[in-house]
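Input: a single structure, listed below in structure tokens.
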Amino acid sequence: TPQGLTLTEDYLLISAYCHDHQHRSIIYVLDRITGVRIKTVILPDLPHAGGLAYDPLHKKIWISNTAGKHAAVATIALDDIEKYDKDPITIAYQQKVVLKELPRASALTYDQGYLYVALFTLNEQGKFCCYPIDDKGNLETLTEDSFVKSPYDTLNIPQKIQGVAIYKNLLLLSQSWGKQSGKIFVFDINSTADFSNLDEALKIIETPPYLEQIYVDGDQLYALFESGASAYRKKTPYVMKNVLQADLKKLLNETTNEAFLQSKSA
């Protein structure tokens, strides 16, 4: 069941878990140009692997994980993924740390030296935390345990958030649950007072159901769906077996572009 999505310079990475939780969690490594699968990397534990993020500065992949009652995130070196060729031996994490502010790390993204972690919830507001990455590419932990120091910032977000991405000055949140249509909420980072208030969204984009992680590369939006997995493909007529790529400028339309798509450096 596919869950997380990120891009490196050469690869498209997709995380997935076995639906009955009895086998293994993996990362599919695909050529980002041709889409051809190069290898399947087996993770050393059985995480839901709900989110992936790539730090291009330190060449590290971040993966959603858990540690008891708390969320956790783990890292794998891109170099280790490229060298991995010993299936079914599992790959090794470089770092696994605990996020005491969250019970689960449901979605991840990286932007300008920060790791952003979102919490999926069903009946209450979700949460979105921002953690600074240090010069070695790690999250700074407390001295005597693996708990990460308090986040730089924490925000409330809507329920049922599966993915998060940042595009210039916009925050994009993907929402999905069950057979209902998925949605992508678009917020202006600079002017939004409450990201859990959908009335403050600049735009709400409807998608097929079972939307998972979204990823932004340049002006392109990539969207991953789990409806192609065996557990879901008979539950909806909108089975999406491919990663979809869309032009964000066209998707957000001229009005949104004119008013809100200034670069962060402006």
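Computed from a prediction, not measured in an experiment: that's the story for all the values here.
- Legend: residues meeting side chain to side chain contact (heavy atoms under 4.5 Å, CB included) with D45, ordered by chain and number and at least two apart, are L43, P47, N65, Y93, K96.
- Considering CG of L46 and CD1 of I26, their distance stands at 11.5 Å, rounded to 0.5 Å.
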Walk me through whether Y116 and F128 qualify under ring-ring contact (aromatic ring centres under 6.0 Å, His included).
CA-CA 7 Å; Y116 297 86; F128 182 61; 5.5 Å; yes

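- In this structure, the side chains of I133 and W62 come closer than 4.5 Å at one or more pairs of heavy atoms.
- Applying the side-chain hydrogen bond (donor to acceptor under 3.5 Å, both in side chains) test to E200 and every residue at least two apart in sequence or in another chain returns nothing.
- E212 and Q162 make their closest contact through OE1-OE1, 3.2 Å (heavy atoms, listed as atom of the first residue, atom of the second, distance).
- T109 contributes no side-chain N or O that, together with a main-chain N or O of A165, makes up a donor-acceptor pair within less than 3.5 Å.
- Using a 4.5 Å cut-off on side-chain heavy atoms (C-beta onward), Y238 and S181 make no contact.
- Using a 4.0 Å cut-off between charged nitrogen and carboxylate oxygen, K249 and D219 count as a salt-bridge pair.
- Applying side chain to side chain contact (heavy atoms under 4.5 Å, CB included) to K127 and the options L155, V117, T121, T154 leaves one that passes, T154.
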L52 and L108: CA distance, side-chain angles, deciding distance, side chain to side chain contact (heavy atoms under 4.5 Å, CB included) verdict
CA-CA 6 Å; L52 288 179; L108 305 179; 5.9 Å; no

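- Applying the salt bridge (charged side-chain N to carboxylate O under 4.0 Å, His left out) criterion to E140, with sequence neighbours excluded, gives K149.
- E9 has its side chain within reach of K59: a pair of non-hydrogen atoms, C-beta onward, lies under 4.5 Å apart.
- Listed by chain and number, the residues in a ring pair (Phe, Tyr, Trp, His ring centres under 6.0 Å) with H58 amount to none (sequence neighbours excluded).
- By the 4.5 Å heavy-atom criterion applied to side chains, I166 and L171 are counted as neighbours.
- Within the 3.5 Å criterion, the main-chain N or O of M240 finds a donor-acceptor partner in the side chain of S227.
- Between Q213 and G4, the shortest heavy-atom distance links the atoms OE1-CA, 3.0 Å.
- Within a 6.0 Å sphere centred on CG of D135, heavy atoms belonging to other residues, nucleotides or ligands number 12 at most.
- Taking OG1 of T192 as the start and CG of N197 as the end, the distance is 9.0 Å to the nearest 0.5 Å.
- The heavy-atom pair separating D194 from S196 by the smallest distance is OD1-OG, 2.5 Å.
- Residue pairs meeting the ring pair (Phe, Tyr, Trp, His ring centres under 6.0 Å) criterion with at least one partner in residues 200-230, sequence neighbours excluded, are Y210-Y232.
- Side-chain heavy atoms closer than 4.5 Å link hydrophobic residues (I, L, V, M, F, W, Y) into clusters, and following such links, possibly through other members, connects L198 to I161.
- Using a 4.5 Å cut-off on side-chain heavy atoms (C-beta onward), L99 and C129 make no contact.
- Other members of a hydrophobic cluster containing V239 are absent, since no ILVMFWY side chain comes under 4.5 Å of it, directly or through relayed contacts.
- When hydrophobic side chains of Ile, Leu, Val, Met, Phe, Trp and Tyr are connected at separations under 4.5 Å, F120 ends up clustered with L122, W177.
- Scanning both residues, A223 and L211, for their nearest heavy atoms gives CB-CD1, 4.0 Å.
- A side chain to side chain contact (heavy atoms under 4.5 Å, CB included) with S174 is found for exactly one of I205, I214, V164, namely I214.
- For the atom pair K203 NZ and L252 CG, the distance stands at 7.0 Å (nearest 0.5 Å).
- Under the ring pair (Phe, Tyr, Trp, His ring centres under 6.0 Å) criterion, F195 pairs with F187, sequence neighbours left out.
- In this structure, V36 shares a hydrophobic cluster with no other residue, the cluster being traced through Ile, Leu, Val, Met, Phe, Trp and Tyr side chains under 4.5 angstrom apart.
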T8 vs I81, test: side chain to side chain contact (heavy atoms under 4.5 Å, CB included). Steps then yes/no.
CA-CA 12 Å; T8 73; I81 287 179; over 6 Å; no

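- Looking at heavy atoms from C-beta onward, L244 lies out of side-chain contact with T207 at the 4.5 angstrom threshold.
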I'd like a table of donor-acceptor pairs (distance under 3.5 Å, sequence neighbours excluded) in which one partner is a side-chain atom from residues 69-79, with atom names and distances.
{"from": "T75", "atom 1": "OG1", "to": "Q95", "atom 2": "N", "distance (Å)": "3.2"}
{"from": "D79", "atom 1": "OD2", "to": "K83", "atom 2": "NZ", "distance (Å)": "2.9"}

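- Scanning both residues, A118 and I157, for their nearest heavy atoms gives CB-CD1, 4.0 Å.
- A heavy-atom distance below 4.5 Å is found between the side chains of D217 and R32.
- Annotation for Y84 and I89: closest pair OH-O, 2.6 Å, computed over non-hydrogen atoms.
- Here the straight-line distance linking atom CG of L224 with atom OG of S15 works out to 7.5 Å at 0.5 Å rounding.
- Here the CG-CG distance, from L139 to D134, works out to 7.5 Å after rounding to the nearest 0.5 Å.
- For Y152, the ring pair (Phe, Tyr, Trp, His ring centres under 6.0 Å) criterion is met by Y114, not counting sequence neighbours.
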One pair to check against side chain to side chain contact (heavy atoms under 4.5 Å, CB included): V29 and K39. What are the steps and the verdict?
CA-CA 5 Å; V29 183; K39 64 182 71 176; 3.7 Å; yes

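- In terms of the side chain to side chain contact (heavy atoms under 4.5 Å, CB included) criterion, N123 has no residue partners (sequence neighbours excluded).
- Distance check, rounded to the nearest 0.5 Å: CD1 of I61 to OH of Y11 gives 10.5 Å.
- Between the K235 side chain and the G178 main chain, no donor and acceptor come within less than 3.5 Å of each other.
- Checking side-chain atoms of D55 against main-chain N and O of L57 turns up a donor-acceptor pair under 3.5 Å.
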